[in-house]
Amino acid sequence: MSYIRSAAFEETGYVVLDRYDQAADPQEWLDLEYVDWKSSGVTRFAPLASAFGEMECNGFWNHTPPRTDKDGVWVQANVEHAPILKARAEEPGANIGRCRVIELQPNSYANALYNLHQDDNNRLNPDGTGWIVRGFFNLSDDAESFMILRENRFDPDTEVRIALPAGAQLIVDTQRFWHAVWHKGPEPRYCLITSWTSGPELDAYIEKYHGNPHNVNAPLDPKIIEEGQSEVRQRLAERAAALAAKGRHDDGYGEDPEA
């Protein structure tokens, strides 16, 4: 299918923007209402924009009428406590779908690898319209934590590790990448996640903030990588066996927590 895509993502599928001065803003995310929603670990979400402005996080295709991840409706009970976060999501001028703050509890590298998943942002997205990508604005200061991206879930040679200090800003084609966050803690991590539609508005925003498609990975002990890979293989094998005992089939890729 032919979608409008940003040239900024052609080579690597992601861009890292200039770092934001997060310390200059109040911690609005602490005043929001959160709902339980599973995604890549022990998480809760505070929806800022949802399908119909309700306090929920479901995919827009699971509503009536079903639609793609566009034209989100602001959740007034939360955005009244987060005018700066709302303004940051709106700044690109691109169409917004789901917009929410994630709260992620600390985890391990192996847990992050196990929870790698691809999003389904473009389900029901009409041909010829803008491809949907996601912005991640790190709110808490998690300089020792990393967004992990892999084009091949089981190939560590494809791994990109992007550090997440306060104010880190990146945009990712999360339908292209398997992704999850390795959050070392000790406190929960908070991040603003926004679905944006590709087009000239988003292109101009990426250019304005010097979107860089080349991240330099922080060093990681090969032993940690191999131990993580081994644990994931073991956990997936155990999961497959448990499903087989119930007469169900597992393809070895697990389930998309946002399907």
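Note that this is a predicted model, so its numbers are computed, not measured.
Between the side chain of D127 and the backbone N or O of S2, at least one donor-acceptor pair lies under 3.5 Å. The backbone N or O of K184 lies less than 3.5 Å from a partner atom in the side chain of S145, making a donor-acceptor pair. Side-chain atoms of W196 never come within 3.5 Å of backbone atoms of G93 as a donor-acceptor pair (strictly under, hydrogens ignored). When atom types are taken as modelled, the side chain of T68 and the backbone of R123 share a donor-acceptor pair closer than 3.5 angstrom. With hydrogens and angles disregarded, no donor-acceptor distance shorter than 3.5 Å links the side chain of N121 to the backbone of T174. Looking only at distances, no side-chain donor or acceptor of H179 sits under 3.5 Å from a matching main-chain atom of L116. With hydrogens and angles disregarded, a donor-acceptor distance shorter than 3.5 Å links the side chain of N215 to the backbone of R161. With hydrogens and angles ignored, the 3.5 Å screen pairs no side-chain donor or acceptor of N138 with any backbone N or O of C191. Side-chain N or O atoms of R233 include none that pairs as donor or acceptor with a backbone N or O of F154 at under 3.5 Å. Between the Q169 side chain and the D18 main chain, a donor and an acceptor come within less than 3.5 Å of each other.
Side-chain atoms of S6 and I206, non-hydrogen and from C-beta on, do get closer than 4.5 Å to each other. Residues K70 and S195 are not in side-chain contact: their nearest non-hydrogen atoms beyond the backbone lie 4.5 Å or more apart. Within the 4.5 Å cutoff, side-chain heavy atoms of R150 are placed close to those of L113. Two residues are said to be in side-chain contact when any heavy atoms from C-beta on lie closer than 4.5 Å; Y34 and V101 meet this criterion. Taking 4.5 Å as the limit, some side-chain heavy atom of E11 sits within range of a side-chain heavy atom of H214. Here the side chains of E159 and F146 are not in contact, with every heavy-atom distance at 4.5 Å or above. In this structure, Q175 and Q118 have side chains that are not in contact, with every pair of non-hydrogen atoms separated by 4.5 Å or more. When side chains are defined from C-beta on, E90 counts as touching I96, because their heavy atoms get closer than 4.5 Å.
Minimum interatomic distance between A166 and L139 (heavy atoms only, all atoms of both residues): CB-O, 3.9 Å. Closest non-hydrogen pair, N125 versus Y3, comes out as O-OH, 2.9 Å. Nearest heavy-atom pair across L192 and L85 is CD2-O, 3.7 Å. Shown here for E28 and I84, the closest heavy-atom pair between the two residues is OE2-N, 3.1 Å. When all heavy atoms of M55 and A77 are compared, the closest pair comes out as CE-CB, 3.8 Å. Nearest heavy atom pair, residue Y14 against residue T12, reads O-OG1, 3.1 Å.
E151 meets the salt bridge (charged side-chain N to carboxylate O under 4.0 Å, His left out) test with R176; sequence neighbours excluded.
Side chain to side chain, E56 and H63 meet the donor-acceptor criterion of an N or O pair below 3.5 Å. Residues N111 and R235 have side chains that bring a donor and an acceptor to within less than 3.5 angstrom of each other. Defined by atom type and a distance below 3.5 Å, a donor-acceptor pair is missing between the side-chain atoms of E80 and Q76. Using modelled atom types and a 3.5 Å distance limit, the side chains of H81 and E33 yield no donor-acceptor pair.
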Stepwise side chain to side chain contact (heavy atoms under 4.5 Å, CB included) check, E187 with S140 = CA-CA 9 Å; E187 301 299 324; S140 47; over 6 Å; no
In sequence, state the C-alpha distance, the side-chain angles, and the governing distance for L220 and Y109, and then conclude on side chain to side chain contact (heavy atoms under 4.5 Å, CB included).
-> CA-CA 10 Å; L220 184 60; Y109 177 69; 3.8 Å; yes
Side chain to side chain contact (heavy atoms under 4.5 Å, CB included) between W74 and L48: does it pass, once the steps are laid out?
-> CA-CA 6 Å; W74 295 111; L48 297 182; 4.1 Å; yes
Derivation of the side chain to side chain contact (heavy atoms under 4.5 Å, CB included) call for V15 and F9 = CA-CA 7 Å; V15 292; F9 299 102; 4.0 Å; yes
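We find the CE-CZ distance between M147 and F177 to be 11.0 Å, quoted to the nearest 0.5 Å. Atom CG in N152 sits 5.5 Å away from atom OG1 in T158 (nearest 0.5 Å). How far CG of N115 is from OG of S108: 9.0 Å, rounded to the nearest 0.5 Å. The structure places OG1 of T194 at 11.5 Å from CZ of R98, a figure rounded to the nearest 0.5 Å. The CG atom of L104 sits 6.5 Å away from atom CZ of R189, with the distance rounded to the nearest 0.5 Å. How far CD1 of I171 is from OH of Y209: 11.0 Å, rounded to the nearest 0.5 Å.
Using a 4.0 Å cut-off between a side-chain N of Lys or Arg and a carboxylate O of Asp or Glu, R134 and D69 qualify as a salt bridge.
Dense packing is recorded around CD of E226, with more than 12 heavy atoms of other residues, nucleotides or ligands lying under 6.0 Å away. Remark: E227 CD is packed, more than 12 non-hydrogen atoms of other residues, nucleotides or ligands lying under 6.0 Å away.
By the 6.0 Å and 45° rule, R88 does not stack over the aromatic ring of Y205.
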